[in-house]
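Before any comments, here is the structure.
Throughout, protein chains are lettered first and strands after them, A, B, ... in sequence-line order, and every chain is numbered starting at 1.
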Protein chains: 2
Amino acid sequence: MLSSTVEDYVKRLFFEQAAAGEGQMVPMGKLAAAMSVTPGTATSMGKTLADLGLAEYEPRMGVRLSPEGEKLALKMLRRHRLIERLLVDILGLDWSEVHEEAEQLEHVISDKVLDRIDALLGHPTSDPHGDPIPTAKGHMAQPAATSLAECAVEMPLRIARVVDQDPLFLQFAHRHGLTPGAIVTVTQRDDIAAAVTLLREAQPELFTLGTHAAAKIMVEPA
Amino acid sequence: MLSSTVEDYVKRLFFEQAAAGEGQMVPMGKLAAAMSVTPGTATSMGKTLADLGLAEYEPRMGVRLSPEGEKLALKMLRRHRLIERLLVDILGLDWSEVHEEAEQLEHVISDKVLDRIDALLGHPTSDPHGDPIPTAKGHMAQPAATSLAECAVEMPLRIARVVDQDPLFLQFAHRHGLTPGAIVTVTQRDDIAAAVTLLREAQPELFTLGTHAAAKIMVEPA
DNA sequence: TGAGATATTTTGACTAATCAAAATGATAGT
DNA sequence: ACTATCATTTTGATTAGTCAAAATATCTCA
């Protein structure tokens with residue numbers, strides 16, 4: 001049985017590794033910062049992960065998930081995202097508050113219960129924020145990679161994911177109809193003003209938001 | 001924030017205290033046995049509970065929950081039992097397997113999520129085994145106290161609760177229609193044979209079970 | 001009242017996860 | 001090639017929860 005601390009490190013490492021790209025080693029400092037822990041703690045945990053066969057650790061180089069570790073990370077992601085869907089679709093919680101809840105629940109839900117949740121929800125492929133849910137076998141669809149800050153203009157697009165867990169941002173996005181599934185068209189992008197103006201299918205008025213916010217809203221061809 | 005270990009001790013203490021009756025102190029040995037822990041561990045935890053204001057601890061006498069502690073215990077019971085209902089009614093798990101699951105989940109479900117579960121289930125008053133669910137305010141109905149091993153004969157009775165968490169026993173009970181809500185009539189009780197014979201509303205044949213098993217099935221007037 | 005049995009408490013040790021701070025290694029820039 | 005800087009690792013300490021085993025208190029019964 002793995003501790004939930006170990007599970008958290010593995011999950012975080014997965015994200016850091018994805019950000020670093022292509023099986024790069026993640027430096028201990030990065031991992032420490034991501035886990036809000038001192039560097040020494042990250043080092044000792046790096047060794048622990050290696051002992052558990054979940055990662056490779058090279059002194060002064062960093063850590064990298066092993067195939068085992070990646071499998072675990074994907075399993076955690078599946079749990080997390082299915083739980084978020086349950087909380088929103090069945091229990092009616094707001095999408096802005098489910099991340100924190102799921103963060104706790106993902107460590108104690110059994111495989112059996114998870115399967116039931118999956119079935120009850122009709123085997124969903126994405127969570128409330130649009131993030132893809134890995135399959136039970138550990139396969140995850142490639143998520144949309146273009147944001148409103150860089151997409152083509154004058155072309156109808158579907159919002160695929162909103163990549164920010166901050167409740168305030170999520171509430172803002174919801175208030176303005178910028179949730180997964182919504183269709184929008186960027187009418188103008190002004191690099192000097194660092195702003196993006198767009199037309200939302202449901203509303204007649206134009207809406208402008210800064211590129212920093214726009215970069216968090218991922219789209220795909222409608 | 002209280003650790004889940006503390007929550008577990010408080011819950012267990014609540015049961016031990018109920019078994020001892022009337023605000024009696026629970027000896028450390030009892031608590032240790034109930035928690036499957038050495039006596040020394042129970043002693044040190046007793047002091048910890050006292051420090052947290054959850055119990056009174058008197059050396060060589062035992063521990064007893066404080067009003068605070070009782071409130072917490074009832075809260076844990078509410079969580080546990082509502083979660084069991086969710087697992088059975090919404091997720092379709094078997095009543096024999098939900099106890100273990102709930103044992104984990106009860107420590108990480110937030111109050112908000114619990115309220116949603118309560119509402120979704122329509123504010124149920126008992127869990128799948130028939131145990132009463134305390135209200136949010138901490139009030140719990142008095143559970144049925146007469147078992148098939150001691151009830152009146154030749155009188156139709158409703159099964160109110162089945163007091164055993166062992167999956168094997170629960171599966172047995174279910175297989176023979178001895179679940180909360182079922183109507184049965186004891187036709188005969190044989191003290192020498194240590195057996196109880198009963199007629200189940202749904203089935204024509206008589207059914208006999210030993211008093212040890214019968215004592216786990218609590219009934220109330222139909 | 002004293003001896004033995006039994007329950008409880010104490011003590012010392014262990015593990016996982018953490019921090020602070022000291023030690024060490026690597027890097028880059030003159 | 002030397003040194004200043006920065007990242008990493010080590011070391012020693014802490015906390016919660018646990019055990020084993022030794023010490024102590026209480027109870028019972030003769």
Using a cut-off of strictly less than 4.0 Å between a heavy atom of the residue and any atom of DNA chain C, enumerate the qualifying residues of residues 7-20 of chain A by number. A/Y9
Quick one: side chain to side chain donor-acceptor pair (under 3.5 Å) pairs with a partner in residues 85-95 of chain A, sequence neighbours left out? A/R85-A/D89, A/D94-A/S96
Under 4.0 Å between a side-chain N or O of A/T5 and OP1 or OP2 of C/dA17? yes
To the nearest Å, give me how far apart CG (A/D51) and P (C/dA16) are. 10 Å
B/T38 side chain, from C-beta outward: closest of C/dC19, D/dC19, C/dA17: D/dC19
Check the distance between D/dT18's C1' and B/L31's CG and give it to me in whole angstrom. 14 Å
Hey, is the main chain of B/L148 close enough, under 3.5 Å, to the side chain of B/R189 for a donor-acceptor pair? yes
Going 5' to 3' along nucleotides 7-12 of chain D, which nucleotides have protein heavy atoms under 4.0 Å from the base (write B), which only from the sugar-phosphate (write S), and which from neither (write -)? BBBB--
Those residues at least two apart in sequence (or on a different chain) that pass side chain to side chain donor-acceptor pair (under 3.5 Å) with A/K112 are B/E97
Could you state the NE2-P distance from A/H107 to C/dA16, rounded to the nearest angstrom? 18 Å
Would you check if A/Q165 and A/E103 make a side-chain contact, meaning some heavy-atom pair closer than 4.5 Å? no
Check the distance between C/dA17's P and A/L2's CG and give it to me in whole angstrom. 10 Å
Which donor-acceptor pairs under 3.5 Å do the side chains of residues 117-127 of chain A make with protein atoms, sequence neighbours left out?
{"residue": "A/D118", "atom": "OD2", "partner": "A/R78", "partner atom": "NH2", "Å": "3.2"}
{"residue": "A/D118", "atom": "OD2", "partner": "A/H123", "partner atom": "ND1", "Å": "2.8"}
{"residue": "A/D127", "atom": "OD1", "partner": "A/H129", "partner atom": "N", "Å": "2.7"}
{"residue": "A/D127", "atom": "OD1", "partner": "A/G130", "partner atom": "N", "Å": "3.0"}
{"residue": "A/D127", "atom": "OD1", "partner": "A/D131", "partner atom": "N", "Å": "3.0"}

Listed by chain and number, what are the side chain to side chain donor-acceptor pair (under 3.5 Å) partners of A/T135, not counting sequence neighbours? none
Considering residues at least two apart in sequence or located in another chain, which fulfil the side chain to side chain donor-acceptor pair (under 3.5 Å) criterion with B/T38? B/T41
Contacts satisfying salt bridge (Lys or Arg N to Asp or Glu O under 4.0 Å) that involve residues 47-58 of chain A (not counting sequence neighbours) are A/E56-A/R64
Angle, rounded to 10°, between the helical axes spanning five pairs at each terminus of the helix from C/dT1-D/dA30 to C/dT30-D/dA1? 20°
Which pairs pass ring pair (Phe, Tyr, Trp, His ring centres under 6.0 Å) with one or both residues in residues 9-41 of chain B, sequence neighbours excluded? none
Tell me, which pairs form a ring pair (Phe, Tyr, Trp, His ring centres under 6.0 Å) where one or both residues lie in residues 34-79 of chain A, sequence neighbours left out? none
Are any of A/T48's side-chain N or O atoms less than 4.0 Å away from OP1 or OP2 of C/dA17? no
Sorted by first residue and then second, give each ring pair (Phe, Tyr, Trp, His ring centres under 6.0 Å) pair with at least one member in residues 60-90 of chain A; sequence neighbours left out. A/H80-A/H99
